[in-house]
Each structure stands twice: as structure tokens, then as C-alpha cells.
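Written out below as C-alpha cells is the structure these notes cover.
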Amino acid sequence: MKTSDEGVKLIQSFEGLRLMSYVCPAGVLTIGYGHTSAAGAPSVVPRMKVTVEEATKTLCADLGRFERGTESLVKVDITQNQFDALVSFAFNCGLGALKRSTLLKRVNAKRFDDVPAEFMKWNKAGGRALAGLTRRRRAEVEVWRSLPGGEPDSVIAAAQEVIPVIQNANSALAGSVEALGRPAVFIAIITVLACAGIWYWHKRRLDEEAS
């Protein structure tokens, strides 16, 4: 499998872009979206410059190793979005980390509901949780949960739970609404409250996994 355009954008958003070579905190010459000479061509030299298009092309080439590695490690069928999330994780943490992780074990055991919590465990450096890593893991979880159409399956599940409640509430309030002569207003209020409830439920679930 190959990383989708959406998966590449996810990785780009967290890697950041530098169009002139620089020395990273590890003392390695780096350019573009975290590209180093160790990743392959092009070799990075001092005062080197690239365009946005060149940096994107290099990133996609660099991702090849992580795509192949992820594909070889995952032994079960997964969706494109799930693959994208795992490649982003491997690109950030390394294929070795993915290989030895409980995250991979949960994937290969098809315990997909347990995977988000395993993603969120990888938000630390030096034993301390970092805001940037927490944001990245949450973004990967959102991609992992997304259906092929792009909607997070957790939100859809929540919506399926709330819809019957809305229908029952509409039925219960029908007499009062008709008496007031403004059914559309009440229906709109109920719909807004339901959407707010879905959003809050989804956010609380992510917060619990991050803790």
C-alpha cells in the first residue's frame, strides 16, 4: 500500500517544512520535511535549498521504506486510513518501535477498538508527555478511526445512539410544539443540542485515552 494524499498531509503538518538545510538537535544536516542523507537521495549539504515541490517529492520517497515496513509488519487487512495512521506513527517513532509495540500486537489481533489507546501511550520523550506528540497521536487516532469516506466511526456511532433519542424527544414534544405553532424552532434547538452532545462525548473519549 501507499500513503494517501491525506496521510502525506498529516505527516507534513507535524514534520514542518524547512527549505534550507539546517542542523537538527541531533546534530544531523536536515532539509525539507525532516529529510537527511541517511534516508537516501538527495544528500544534504550546508546551505542547500529546495522548493516545496522538491521537499514533497523527497518526503514521498522517504515514506517508501516506512510503507514497506508497515505493510510487512501488519498481518491483517486494514483500511487505507488505518495504514496512513500507522505509517505516520512509524515515520515519527521508527519501524523498530512499531515492530515491538503493543500497538502492533493489537492490530494483528484485530482488536481495533484497543488501538487508539495504544497510540496515545506514545506521547512521551524522556519520560515526560509532550504537547506536540500528544497532538500527533490524537491526529493519528482520528485518522485510524475514520471510515473510507472520511468520517470518524466513533462520531458515527455516537450519532446512531443520539438519533433515536432525538426522534423520541420530537414525538414527546409534538403536542406542545404544535400548540406553540413553531415546530421548526424546537426541532432546530434539539438538533443543535444533540450535535453538541456528540462533539462533547467524542472529545471526552479522546481526553480519557490521552490520560
Side-chain angles (χ1 to χ4, degrees), residues 1-74 78-101 103-104 107 115-146 150 152 203 206-207 209-210:
M1 296 178 72
K2 299 288 291 182
T3 310
S4 70
D5 291 342
E6 290 73 19
V8 172
K9 290 176 182 177
L10 169 69
I11 294 169
Q12 286 174 323
S13 69
F14 284 100
E15 291 298 324
L17 175 62
R18 298 282 289 274
L19 299 180
M20 179 176 285
S21 60
Y22 65 99
V23 178
C24 74
V28 180
L29 274 171
T30 308
I31 200 168
Y33 295 102
H35 175 76
T36 66
S37 297
S43 295
V44 185
V45 298
R47 302 187 65 79
M48 178 179 179
K49 294 182 179 181
V50 295
T51 65
V52 174
E53 291 75 15
E54 289 169 338
T56 300
K57 182 178 179 180
T58 299
L59 172 62
C60 291
D62 290 348
L63 285 175
R65 178 167 66 91
F66 296 93
E67 292 164 345
R68 293 188 295 272
T70 299
E71 196 166 24
S72 68
L73 290 172
V74 174
I78 57 176
T79 67
Q80 177 67 59
N81 291 336
Q82 291 170 336
F83 180 77
D84 289 347
L86 291 173
V87 170
S88 175
F89 175 88
F91 191 79
N92 179 232
C93 301
L95 284 169
L98 177 61
K99 183 176 182 179
R100 65 177 182 270
S101 68
L103 166 61
L104 180 66
V107 172
V115 168
E118 295 302 324
F119 268 109
M120 297 308 304
K121 292 178 181 178
W122 291 81
N123 70 332
K124 299 177 179 65
R128 297 179 59 186
L130 301 181
L133 288 178
T134 299
R135 287 194 298 271
R136 182 164 186 158
R137 297 291 90 86
R138 283 182 171 176
E140 289 163 352
V141 165
E142 284 299 297
V143 172
W144 171 269
R145 284 176 167 161
S146 295
K203 182 178 183 297
L206 283 178
D207 290 341
E209 290 169 352

Give the intermediate values and the outcome of salt bridge (Lys or Arg N to Asp or Glu O under 4.0 Å) for residues E53 and K57. CA-CA 6 Å; E53 291 75 15; K57 182 178 179 180; over 6 Å; no
Kindly indicate, with the supporting measurements, whether the criterion side chain to side chain contact (heavy atoms under 4.5 Å, CB included) is fulfilled by T30 and R18. CA-CA 8 Å; T30 308; R18 298 282 289 274; over 6 Å; no
One pair to check against side chain to side chain contact (heavy atoms under 4.5 Å, CB included): F119 and L103. What are the steps and the verdict? CA-CA 7 Å; F119 268 109; L103 166 61; 4.0 Å; yes
Evaluation steps, side chain to side chain contact (heavy atoms under 4.5 Å, CB included), between R65 and L95: CA-CA 9 Å; R65 178 167 66 91; L95 284 169; 4.2 Å; yes
Would V50 and T58 count as a side chain to side chain contact (heavy atoms under 4.5 Å, CB included) here? Give the steps. CA-CA 10 Å; V50 295; T58 299; over 6 Å; no
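A heavy-atom distance below 4.5 Å is found between the side chains of F91 and E15. The side-chain heavy atoms of L17 and T56, taken from C-beta on, include no pair separated by under 4.5 Å. With a 4.5 Å cut-off on side-chain heavy atoms, T51 and L19 do not count as touching. Between L98 and T70 the shortest side-chain heavy-atom distance falls below 4.5 Å. In this structure, S21 and V45 have side chains that are not in contact, with every pair of non-hydrogen atoms separated by 4.5 Å or more. Looking only at side-chain heavy atoms (C-beta outward), I11 and Y33 stay at 4.5 Å or farther from each other. Using a 4.5 Å heavy-atom cutoff, the side chains of L104 and L86 are not in contact. Between E71 and R68 there is no side-chain heavy-atom pair separated by less than 4.5 Å.
Put simply, the side chain of E67 never gets that close to the backbone of K2: no donor and acceptor are under 3.5 Å apart. The backbone N or O of D84 sits nowhere less than 3.5 Å from a side-chain atom of T3 that would complete a donor-acceptor pair. No donor-acceptor distance shorter than 3.5 angstrom exists from the side chain of E6 to the backbone of N81, with no hydrogens or angles considered. Side-chain N or O atoms of S72 include one that pairs as donor or acceptor with a backbone N or O of G69 at under 3.5 Å. The backbone N or O of L10 sits less than 3.5 Å from a side-chain atom of S13, completing a donor-acceptor pair. Looking at R137, its side chain never comes within 3.5 Å of a backbone N or O of F89 through a donor-acceptor pair.
Distance check, rounded to the nearest 0.5 Å: CZ of F83 to CE of M1 gives 5.5 Å. With values rounded to the nearest 0.5 angstrom, M120 atom CE is found 10.0 Å from L133 atom CG. A distance of 9.5 Å separates CD in Q12 from CG in D5, rounded to the nearest 0.5 Å.
Between M48 and S43, the shortest heavy-atom distance links the atoms SD-O, 3.4 Å. Between V44 and H35, the shortest heavy-atom contact is CG2-CD2, 3.7 Å. When all heavy atoms of C93 and W122 are compared, the closest pair comes out as SG-CE3, 4.2 Å. Minimum heavy-atom separation, A139 to F14: CB-CE1, 3.6 Å.
Heavy-atom neighbours of K124 NZ from other residues, nucleotides or ligands within 6.0 Å: above the threshold of 12.
In the model, R128 has no side-chain atom that pairs as donor or acceptor with a side-chain atom of N123 under 3.5 Å.
Between R136 and E140 a salt bridge is recorded (basic side-chain N to carboxylate O distance below 4.0 Å). Salt bridge annotation for E118-K121: present, with a cationic side-chain nitrogen under 4.0 angstrom from a carboxylate oxygen.
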